[in-house]
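Take a look at the structure set out below.
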Amino acid sequence: MPISTLARLTKLAPLPRSFYSRDPRLVARELLGKLLIRRGGPRPASCAEWGEGEDAGAECENGEYGEPSLLAGRIVEAEAYLGVTDPGAHAYCGLTARNAVLFGPPGHAYVYFIYGNHYCTNVNCQPAGDAGCVLLRALEPVCGFRSMAALRGIRGFASDGALRPVQLRQLTSGPGRLSQALGITRERDNAKDLCSPSSDLYIAGDGSPVPEISATPRINVTRAPCDEWRFVIPGNPFVSGPRTARALK
DNA sequence: GAGATGATCTTA
DNA sequence: AAGATCATCTCC
């Protein structure tokens, strides 16, 4: 990645609130190919263990003392959840303390803790009162590989911290993984306005071409199995789920 | 690569 | 008790 990429990424504006104020199935489709961006986060303690070498994302770790200045990944998999009418959605049971963000205005982050181990990151959709949202399920890392690996607790195989293809995929392939890779937690990010220019977490388009899109049933949603509201960029190796050795290359 | 299992939070 | 998950372990 050229040095200019970071400069370009830092200038991208967050998607407007009107983007999210629509049917989550439409929002989920159109989020594919967009960039999820974390900027200015604190340097994770584990970064201190990393050497001085370069890796694929090193150009973005150019803050003072090597502090990561920007983490970014391209959205390659997302799922739509409707509001109180969707048996698979958290909003199905109505307003609770946990899901209150879903009933508020669009463009805000809904982050929840799942299975006692992981965070999942969603964007609230539709006008206030309608509880639809989109779950971000996988990213293709674009910027900040080394910091993501540190946040994920993944060590590269070489002295310079370079990542194997398998390790690269482990950074952000899955809703819990991508949340950890960008340092997203409920405490830090739930209810955050992703449309604010001052937000340290937001989604932006970078003018790249609209990708091919496939629809499938949602993952691990047993209460409403008859849907096709999971959207992926077919063939992208960062889409979650089992990979063949061939696909990993 | 595939299948089983544990972690241990939140809600019903 | 089950869940919008993942790492680790086992045996291919």
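Protein chains get the first letters and strands the later ones, always in sequence-line order, with residue 1 at the start of each. What you are looking at is a predicted structure, and each value in this text was computed from that prediction instead of being measured.
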Are A/Arg74 and A/Ser208 close enough that a side-chain donor and a side-chain acceptor fall under 3.5 Å?
yes
Rounded distance in Å - CZ (A/Arg218) to C1' (C/dG3)
14 Å
Separation between CG of A/Leu135 and CG of A/Leu31, rounded to the nearest 0.5 Å
11.0 Å
With a non-hydrogen cut-off below 4.0 angstrom, is A/Arg230 in contact with a base, only sugar-phosphate, or nothing?
nothing
Take the protein atom CZ of A/Arg177 and the nucleotide atom P of C/dT5, then report the distance between them rounded to whole Å.
12 Å
N/O donor-acceptor pair under 3.5 Å between A/Arg177 side chain and A/Ser173 backbone
yes
For the pair made of CD in A/Gln167 and P in C/dC6, what is the distance, rounded to whole Å?
17 Å
Mind checking what makes side chain to side chain contact (heavy atoms under 4.5 Å, CB included) contact with A/Phe103, not counting sequence neighbours?
A/Val84, A/Ala91, A/Leu95, A/Asn99, A/Ala131
Would you mind reporting whether A/Trp229 and A/Pro24 have side-chain heavy atoms less than 4.5 Å apart?
no
A/Leu171 has an atom CG; how far is it from atom P of C/dA7, in whole Å?
10 Å
Look at A/Thr222 and C/dA2 and indicate whether a side-chain polar atom (N or O) is within less than 4.0 Å of OP1 or OP2.
no
Considering just the side-chain nitrogens and oxygens of A/Asn220, establish if one lies under 4.0 Å of OP1 or OP2 belonging to C/dG3.
no
Under 4.0 Å protein heavy-atom contacts per nucleotide of nucleotides 5-12 of chain B, with B for base, S for backbone only and - for none:
--BSBSSS
With no hydrogens and no angle check, is any side-chain donor or acceptor of A/Arg137 less than 3.5 Å from a backbone partner on A/Leu178?
no
Verify the neighbour count for atom CZ of A/Phe113: are there more than 12 heavy atoms of other residues, nucleotides or ligands below 6.0 Å?
yes
Sugar-phosphate, base or nothing in reach of A/Ile219, heavy atoms under 4.0 Å
sugar-phosphate
A/Arg17 to A/Tyr20, cation-pi by 6.0 Å centre distance and 45° axis angle
no
Can you tell me the distance, in whole Å, between the CG atom of A/Leu178 and the P atom of C/dA7?
12 Å
Intra- and inter-strand pairs of DNA chain C in dot-bracket (Watson-Crick or G-U wobble, both distances under 3.5 Å; | for another strand)
|||.|||||||.
Out of curiosity, A/Thr10 OG1 to A/Arg39 CZ, how far, rounded to the nearest 0.5 Å?
8.5 Å
d(OH, A/Tyr119; P, C/dT5) in whole Å:
16 Å
Rounded interatomic separation in angstrom, taking CG from A/Leu136 and P from C/dT5
13 Å
